[in-house]
Amino acid sequence: MIEEIFNEALTRKSVFKNRDALSPHYVPDNLPYREKQIQELSKTLAPILSGRKPENVFIYGKTGTGKTVVTKFVVKKLTEFAAQKNIPVDAVYINCRIHNTRSKVFIKIGSELLPEENFMGMSTAYIYEKILGKIRESDKRLIIVLDEIDKLKGLSDAVYSLNRANDELENGSISLIGISNNLTFKDRLDPRTKSTLLQHEMIFPPYNAESLRRILEDRAKIAFRDGAVEPGAIALVAAYAAKQSGDARYALQLLLRAGDVADEEGAERVTEKHVERAKEIVEEDIILEMISTLPENEQILLLALAKMTQEGQGIRGFGTETRITSGDLYNAYARLSETLGRDPVSERWFREYISDLAMYGIITVTQAGKGFKGNTRLIRLNFSPRKIIDVLEPRLMG
DNA sequence: TGTCCACTGGAAGGGAGGGCTT
DNA sequence: AAGCCCTCCCTTCCAGTGGACA
């Protein structure tokens, strides 16, 4: 019985040849439509080879525009090149969503550079000195990539001390690459951090449907068996992803899921039908991921909005859409909060939540204008209310 | 035209919690 | 360990905005 399951798994035909090639962590050898960015970043970092400290780089652009993958690609090529020429270039990649404080960042750098030491529980000053010692001793040029840098608490301190290291070093250097998809983040930095981090700024534009198609074709060749994906399926994935503001990560995720769906059906090839089905799954994945990281009050607010939308409350007259005024939503939110035994936040803070959710793209907010009494905003849910309720109700009620 | 209404969003400040210094 | 400071989350207060209605 169990052997049957294992046997089936072993002999099962799959449309995939190398499924990992569609994972968000995969770095391909070829990055179409990013040649300019690759060149620019390479040029900026190149002085490191002749022992000069390159400018710090700050990269920003929307999700899925290739920021991380281009950075990893260039850094990898650079360190490989340097290794051939016996130049001590080293790079540390840090995701600040995981390593989100100054000390965690220092521990991460320390343990990459000195894997034999254990830095847990050590003071940041101690780790800092250890890192500098290592750089000095081997004339090392260190590149530190801080991905999702907007998630780093105490950012200015971290940036300042890492950059200051250059003044204390006679040999070697530290260069920073900051990556963020939060476009307003830059403006919130204090002037000192700004001038340090933004010595060189790069913006990654979103991909259009045509470029997404090319990217997907390239990647499909690696990931799938020959002819296992219909061209129409790829075009459809590209079209959907272009609608998602040109998000390549979404495109790859969609293609991956479409392959899974095809495998589950035991199909020979991935078709448009599989993409349609995958789109629903991916949308659920995204909702789930986005919602589960939201603060509880925002979850309650979303649930209230989903319920109102579901029941068709609010104002009709925008086609089949239902839009809800912020005052009505606040009342619904406050009632729901009390039902759940939580204290609702004030109206002022509720407005902050609304802006937050709008920024994430979960809801859309428009000025009400004519036909509405007073100055209010209309709020619309961008996802299916049914799915939101399915995710949130057990989470909040249970 | 003025008043009311239904909000909006800035400013200031409270208080809890975490990290750093002493 | 104690004190301090900083950040985050939140409240209170309020001037401002824009449409409805008399």
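Computed from a predicted model, the values in this text were never measured in an experiment. Naming convention: chains lettered A, B, ... in sequence-line order (proteins, then strands); numbering from 1 in each chain.
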Could you tell me the separation between the [atom1] atom of [X] and the [atom2] atom of [N], rounded to a whole number of Å?
X         : N       : atom1 : atom2 : answer
Leu329(A) : dC7(B)  : CG    : P     : 10 Å
Asp328(A) : dC5(B)  : CG    : P     : 17 Å
Ile300(A) : dC10(C) : CD1   : P     : 11 Å
Tyr353(A) : dT11(C) : OH    : C1'   : 12 Å
Asp356(A) : dC8(C)  : CG    : P     : 13 Å
Arg342(A) : dC9(C)  : CZ    : C1'   : 17 Å
Leu378(A) : dA6(B)  : CG    : C1'   : 12 Å

Answer with base, sugar-phosphate or nothing: what part of the nucleic acid does Asn297(A) contact at a heavy-atom distance below 4.0 Å?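 Contact class for Asn297(A): sugar-phosphate only.
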Need one value for Tyr330(A): base, sugar-phosphate or nothing, where a base atom within 4.0 Å counts as base even if backbone is also close, heavy atoms only.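 Counting heavy atoms under 4.0 Å across all strands, no contact is made by Tyr330(A).
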Is [X] positioned over the aromatic face of [Y], cation under 6.0 angstrom from the ring centre and no more than 45 degrees off axis?
X        : Y         : answer
Lys72(A) : Tyr93(A)  : yes
Lys62(A) : Phe204(A) : no
Arg34(A) : Tyr207(A) : yes

When you check every protein heavy atom under 4.0 Å of nucleotides 12-22 of chain C, what one-letter string (B, S, -) results, 5' to 3'? B----BBSS--
May I ask you to decide whether Lys221(A) forms a salt bridge with Glu217(A), counting only side-chain N to carboxylate O separations under 4.0 Å?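 No salt bridge links Lys221(A) with Glu217(A).
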Are side-chain N/O atoms of Ser326(A) and Thr376(A) paired as donor and acceptor at under 3.5 Å? yes
Answer yes or no: does a side-chain N or O of Arg377(A) lie under 4.0 Å from OP1 or OP2 of dA6(B)?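 No, because none of the side-chain N or O atoms of Arg377(A) sits under 4.0 Å from OP1 or OP2 of dA6(B).
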Residues Phe16(A), Arg225(A); criterion side chain to side chain contact (heavy atoms under 4.5 Å, CB included); working and verdict: CA-CA 6 Å; Phe16(A) 292 111; Arg225(A) 286 187 294 102; over 6 Å; no
